[in-house]
Amino acid sequence: MRRLLKKFRDIFLVQIKYRKYKINKGFHAGKRTNIWAKATMVIGKNFYLGRDSFIETDCIIGDNVIFGNRVAVVGKYDHNFQQIGTPIRLASAIRDKHYNWKGIDLVTRIGNDVWIGYGSTIMQGVNIHDGCLIAAGSVVTRDTEPYAIYAGNPAKKIRDRFDSNKEKEEHVRLIARKKL
């Protein structure tokens, strides 16, 4: 019964709540999640969004991606903090219809086969390349290299995902062959 309720909830989210976005098969979102984009939201196949997570910026997400619990993809310029004579709280915000300040064209891109760990934050406009792992609690402020592990605040590369280039190439070959 519980499994059926989860499936129904996911169908509701894709077909009703987030119908204006392009969300492919295999979407699952945990409790208390939210997705919002001003212009672009594309989510690939087999995407898992952990509970208490949210995406609040234009974003393109690849296939077979996992967001742990409490992951956030957020804007850098959600409020015009340079609006002269206006307190930040009252300044124009990206959700406003006529917002025309910084960040309006930034799109966050998350590749295929990516795992973003618990409590991580991804900043607007960052490219997380295929095969990356982002360690729990990391803050990603810059683009990553493919098939690498990043950790920290700001996140830095700590090692390659695979121990050898041969292992990485075999992984990529097998994934492509399976067409997951």
Side-chain angles (χ1 to χ4, degrees), residues 6 9-83 86-130 132-144 150-155:
K6 283 183 181 181
R9 184 175 172 280
D10 290 338
I11 290 168
F12 167 79
L13 291 174
V14 171
Q15 294 182 359
I16 307 292
K17 186 172 182 183
Y18 303 135
R19 70 183 170 273
K20 68 181 181 176
Y21 305 131
K22 183 173 179 2
I23 301 174
N24 288 286
K25 292 181 181 178
F27 174 89
H28 173 73
K31 294 178 182 177
R32 299 175 304 277
T33 58
N34 193 47
I35 296 173
W36 176 86
K38 186 162 188 86
T40 303
M41 180 63 63
V42 178
I43 297 175
K45 296 182 294 187
N46 301 320
F47 176 67
Y48 179 93
L49 181 64
R51 71 180 179 274
D52 300 310
S53 294
F54 58 91
I55 302 168
E56 291 190 346
T57 188
D58 289 349
C59 198
I60 298 172
I61 300 171
D63 297 337
N64 303 306
V65 172
I66 303 170
F67 279 20
N69 297 334
R70 297 187 176 185
V71 168
V73 183
V74 297
K76 291 180 184 177
Y77 305 105
D78 288 355
H79 300 272
N80 184 343
F81 55 81
Q82 292 179 334
Q83 195 169 335
T86 305
I88 293 171
R89 174 68 180 94
L90 303 175
S92 62
I94 200 158
R95 289 183 187 245
D96 296 343
K97 185 176 183 180
H98 300 292
Y99 181 84
N100 63 357
W101 193 58
K102 295 178 182 179
I104 199 74
D105 295 324
L106 290 177
V107 177
T108 305
R109 288 178 169 77
I110 299 170
N112 300 312
D113 189 23
V114 169
W115 179 13
I116 300 176
Y118 181 96
S120 293
T121 301
I122 312 302
M123 298 305 296
Q124 177 185 36
V126 166
N127 294 309
I128 297 179
H129 288 91
D130 289 351
C132 274
L133 274 66
I134 307 300
S138 297
V139 178
V140 183
T141 60
R142 296 176 189 234
D143 293 357
T144 68
Y150 284 77
N153 180 4

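Hydrogens, waters and symmetry mates play no part in the numbers below; they use all other heavy atoms, side chains included. Remember, predicted model here, so these are calculated numbers, not experimental data.
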Nearest-0.5 Å distance, [atom1] of residue [X] to [atom2] of residue [Y]:
X: Ile43; Y: Met41; atom1: CD1; atom2: CE; value: 5.5 Å
X: Lys6; Y: Ile11; atom1: NZ; atom2: CD1; value: 14.5 Å
X: Ile55; Y: Asn34; atom1: CD1; atom2: CG; value: 9.5 Å

Sidechain-backbone polar pair: [X] side chain, [Y] backbone, donor-acceptor under 3.5 Å:
X: Arg70; Y: Gly137; answer: no
X: Asp63; Y: Asn112; answer: no
X: Asn127; Y: Ile110; answer: no
X: Asn69; Y: Arg51; answer: yes

What is the minimum heavy-atom distance between [X] and [Y], and which atoms define it?
X: Thr141; Y: Pro154; answer: OG1-CB, 3.7 Å
X: Ala37; Y: Asp58; answer: CB-OD1, 3.4 Å
X: Asp10; Y: Ala29; answer: OD1-N, 3.2 Å
X: Ser138; Y: Ala151; answer: OG-CA, 3.2 Å
X: His129; Y: Val114; answer: O-CG2, 3.6 Å
X: Ala135; Y: Ser120; answer: O-OG, 2.9 Å

Could you list the residues that satisfy side chain to side chain contact (heavy atoms under 4.5 Å, CB included) with [X], not counting sequence neighbours?
X: Ala93; result: His79, Asp96
X: Val126; result: Ile122, Met123, Ile128, Val140, Asp143
X: Asp78; result: Ile94
X: Trp101; result: Tyr77, Asn80, Phe81, Gln82, Tyr99

Using a 4.5 Å cut-off on heavy atoms from C-beta on, say whether the side chain of [Y] contacts that of [X].
X: Gln83; Y: Ser92; answer: yes
X: Cys132; Y: Tyr150; answer: yes
X: Leu49; Y: Ile35; answer: yes

Q. Take atom CH2 in Trp36; do more than 12 heavy atoms of anything else shown fall under 6.0 Å from it?
A. yes
Q. So with a 6.0 Å cut-off around NZ of Lys76, is the heavy-atom count from everything else above 12?
A. yes
Restricting to side chain to side chain donor-acceptor pair (under 3.5 Å), what partner residues turn up for [X], sequence neighbours left out?
X: Arg32; value: Asp52
X: Thr40; value: none
X: Thr57; value: Gln124

Q) Which residue pairs satisfy the salt bridge (charged side-chain N to carboxylate O under 4.0 Å, His left out) criterion with at least one member in residues 103-120, sequence neighbours excluded? A) Asp113-Arg161
Q: Test Ile134 against every option in Ile116, Val71, Val139, Thr121 by the side-chain contact (heavy atoms from CB on, under 4.5 Å) rule and name the one that passes.
A: Ile116
Q | ring-ring contact (aromatic ring centres under 6.0 Å, His included) contacts touching residues 49-70 (sequence neighbours left out) | A | Phe47-Phe67
**Q.** Residue pairs, two or more places apart or on separate chains, that pass ring-ring contact (aromatic ring centres under 6.0 Å, His included) and touch residues 10-31
**A.** His28-Tyr48
Q. Any ion pair linking Lys38 and Glu56 (charged N to carboxylate O, less than 4.0 Å)?
A. no
